[in-house]
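Below is one structure, written out as structure tokens; comments come after it.
These values consider heavy atoms only, across backbone and side chains, with no hydrogens, waters or symmetry-generated copies. Lettering follows sequence order; numbering is per chain, from 1.
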2 protein chains.
Amino acid sequence: MKKHRNRLLAALLPADLNLLETQLQSVQLEKRRVLEAPNRTVEYVYFPETAIASVVAVCGRDERIEVGLIGCEGVSGLTVLMGDRRSPNSTYVQVEGEALRIEADALRKVLLQNESLRDLLLRFGHVFTTQIAQTAVANGRAKLEQRLARWILMAHDRTVADDVAITHEFLAVMLGVRRASVTVALDALEKKGFIAARRGSLTVADRKAIEKIAGHFYGVPEAEFERLIG
Amino acid sequence: MKKHRNRLLAALLPADLNLLETQLQSVQLEKRRVLEAPNRTVEYVYFPETAIASVVAVCGRDERIEVGLIGCEGVSGLTVLMGDRRSPNSTYVQVEGEALRIEADALRKVLLQNESLRDLLLRFGHVFTTQIAQTAVANGRAKLEQRLARWILMAHDRTVADDVAITHEFLAVMLGVRRASVTVALDALEKKGFIAARRGSLTVADRKAIEKIAGHFYGVPEAEFERLIG
DNA sequence: ATGCTACCGTACGTTTCCGTACTGAGAAAA
DNA sequence: TTTTCTCAGTACGGAAACGTACGGTAGCAT
């Protein structure tokens, strides 16, 4: 029973963790792998260790935007926790890495027996809902540079090194803006020396400065996490 | 034991409803009454009958935007269901009317005993999270006229008559835009004959047409509601 | 009846971001 | 090596919404 990198698993009581661990399976998640498709039954629930997944809300066929990031601090498939097995959102891997997964049915059975695990996951559900709500605020009121800063910070929180492997194209889809707008905004951050950009990835160079740009659009769900789980 | 207008209460099994009803208290909610303040303990959980409440996400001191509407289809205070007693969001009455309320502690006790009630509320939690996520999409990708149409439809779903009592000023705060922008957009809808506007309120005249304007930015959480609760 | 206040209509220059599109550079495949 | 593809930088006209502000009207209060 090694120490898990995933903070939810790490927060479990040893007894609860044992109950889960017999069912948990370690998997390597490659980039763009779909963990949940819109309105499809969720098969597995993933606890990322080093991977990061995006939760993307979809309208009709075309309109889509990222509403949340899930990394080592969380878990996918909250719909299972809410007594359902599907959601209109899409979830896929944004940054490749390791995760532990459990079958949705198995998780549901464990949850029935285990109140403290259920409570922990519900608290995370609250945190994640807060993240979605704050994304709605940022989308409605923040400038692109601030939203970009917010995304970089959230990704940075969930990565091991200061490195985030992402293309402008993908960032544009996540933020719901043009690819060209992302290029311009990232350039601005790089010229100020806050990040270093390479083809297909960026490195956080001055986190404090990026936090200053994001302002209060970053930090609310993070504070909720610390209060309820951390 | 009269039939409740609130659709969650109406969906309860008689036994479950009885358990709740001894604790439920009918209240008249005046405009702008605060049901939940940011990061303050929730005292009561409200099941609106004719009232409508706005859930507003707050960043720092100034930046705020509505992330959800709660009317006769739902319940406030989901944070209580998630095992917490507070949230960074603010909830207040947008359209005055009646509601039934229960003390947060009392609800929590009832939830412990009553699995089917808990399951129902959890399913509503899923629906409401979907609503927040779709708000994030609309804020990021829709034009103001579409967002306005979406808001009108959601309010219309929750009102008795076709009438919604709201000022441009308040709508502007909800949508996170200028008051003047709301005026212009509402004027456009009125000139097309889709709504009738008076000082401090508006009436839905051609719902189908408004749905067409909102497009796929309206309807996703509503479909989830029908699937899981309706 | 008069004044006050809240609410609505309108205007104008400005900012942000869009749509589109062309070019070059890095990395992988042939 | 040469080709091919993906990714990033740049440009330009245009749309949407902003900040600000001024004037008008409905309804309430005195």
Side-chain angles (χ1 to χ4, degrees), chain A residues 30-32 62-65 94-96 136-152 163-192 195-203 213-215 217, chain B residues 30-32 62-66 94-96 137-152 163-192 195-203 213-215 217:
Chain A
E30 69 280 16
K31 212 157 183 159
R32 310 197 187 183
D62 297 327
E63 302 294 359
R64 58 189 59 220
I65 209 164
Q94 195 59 253
V95 176
E96 65 190 356
V137 183
N139 290 355
R141 315 243 345 130
K143 303 254 176 287
L144 177 55
E145 193 178 39
Q146 299 178 292
R147 294 214 283 143
L148 191 57
R150 175 174 184 264
W151 195 95
I152 292 171
D163 232 72
V164 185
I166 185 105
T167 65
H168 298 189
E169 184 70 47
F170 249 66
L171 260 175
V173 174
M174 293 304 99
L175 300 175
V177 298
R178 288 179 319 153
R179 195 269 312 157
S181 299
V182 171
T183 300
V184 171
L186 277 177
D187 265 28
L189 290 179
E190 184 167 29
K191 286 206 177 86
K192 288 184 241 180
I195 61 167
R198 280 169 319 294
R199 192 186 166 81
S201 84
L202 59 88
T203 307
I213 287 186
F217 291 110
Chain B
E30 69 280 14
K31 212 159 182 156
R32 311 197 186 183
D62 298 326
E63 303 294 358
R64 56 189 60 218
I65 209 163
E66 185 188 76
Q94 197 58 253
V95 177
E96 63 190 358
V137 183
N139 290 355
R141 316 242 346 130
K143 303 253 176 284
L144 177 55
E145 192 177 41
Q146 299 178 291
R147 293 213 282 144
L148 191 56
R150 176 174 183 263
W151 195 95
I152 291 171
D163 232 73
V164 185
I166 185 110
T167 64
H168 298 188
E169 184 70 47
F170 249 68
L171 261 175
V173 174
M174 294 303 99
L175 299 176
V177 298
R178 287 179 320 150
R179 195 268 314 156
S181 299
V182 171
T183 300
V184 171
L186 277 178
D187 266 25
L189 290 180
E190 184 166 32
K191 287 207 176 85
K192 289 184 240 181
I195 61 168
R198 280 169 318 297
R199 193 184 167 80
S201 84
L202 59 90
T203 307
I213 287 186
F217 291 110

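- Taking atom CD of A:E190 as the reference point, atom P of D:dC7 lies 18 Å away to the nearest angstrom.
- Nucleic acid contact class of B:A197 (heavy atoms, under 4.0 Å, all strands): none.
- Closest-nucleotide positions on DNA chain C for A:A180 and A:L144 were compared, and the one nearer the 5' end corresponds to A:L144.
- The phosphate of D:dC18 (OP1 or OP2) has a side-chain N or O of B:R178 nearer than 4.0 angstrom.
- Look at NZ on A:K143: it is 15 Å from C1' on C:dC18, rounded to the nearest Å.
- Rounded to whole angstrom, the span from the CD1 atom of B:I65 across to the C1' atom of D:dA17 amounts to 13 Å.
- For the pair B:D62 CG and D:dG19 P, the interatomic distance rounds to 12 Å; values are reported in whole Å.
- B:T203 and B:R198 form a side-chain donor-acceptor contact under 3.5 Å, judged by distance and modelled atom types alone.
- Judged purely by atom type and a 3.5 angstrom limit, A:K192 has no side-chain atom pairing as donor or acceptor with the backbone of A:D187.
- Protein atom CG of A:N139 is 12 Å distant from nucleotide atom P of C:dC18, rounded to whole Å.
- Here D:dC18 is the nucleotide among D:dC18, D:dT10, C:dT10 with the atom lying nearest to any side-chain atom of B:S181.
- In terms of modelled atom types and a separation under 3.5 Å, the side chain of B:R150 and the main chain of B:A138 share no donor-acceptor contact.
- Heavy atoms only, all atoms of each residue included: B:L148 and B:A185 are closest at CD2-CB, 3.6 Å.
- On a pure distance criterion of 3.5 Å, a polar donor-acceptor pair joins the side chain of B:R179 and the base of C:dG9.
- Nucleic acid contact class of A:T167 (heavy atoms, under 4.0 Å, all strands): sugar-phosphate only.
- Residue B:L186 is out of contact with every strand shown, counting any heavy-atom pair closer than 4.0 Å.
- Of all heavy-atom pairs spanning B:N139 and A:A136, the tightest one is ND2-O, 3.0 Å.
- Rounded to whole Å, the distance from CZ on B:R141 to P on D:dA17 is 13 Å.
- In this structure, B:V95 and B:A165 approach most closely via the heavy-atom pair CG2-O, 4.1 Å.
- Residue A:G176 is classed as a sugar-phosphate contact, given heavy-atom separations below 4.0 Å to backbone atoms only.
- Using a 4.5 Å cut-off on side-chain heavy atoms (C-beta onward), B:V173 and B:F170 make no contact.
- Here the C1' atom of nucleotide C:dG26 and the CD atom of A:E169 are 17 Å apart, to the nearest Å.
- Annotation: the terminal axes of the helix from C:dA1-D:dT30 to C:dA30-D:dT1 meet at 30°, where each axis is the rotation carrying the C1' atoms of four end pairs onto the next four (5 pairs per end, rounded to 10°).
- Between A:R32 atom CZ and D:dC7 atom C1' the separation is 11 Å, expressed in whole Å.
- With hydrogens and angles left out, the side chain of B:R199 and the base of D:dA26 share a donor-acceptor pair within 3.5 Å.
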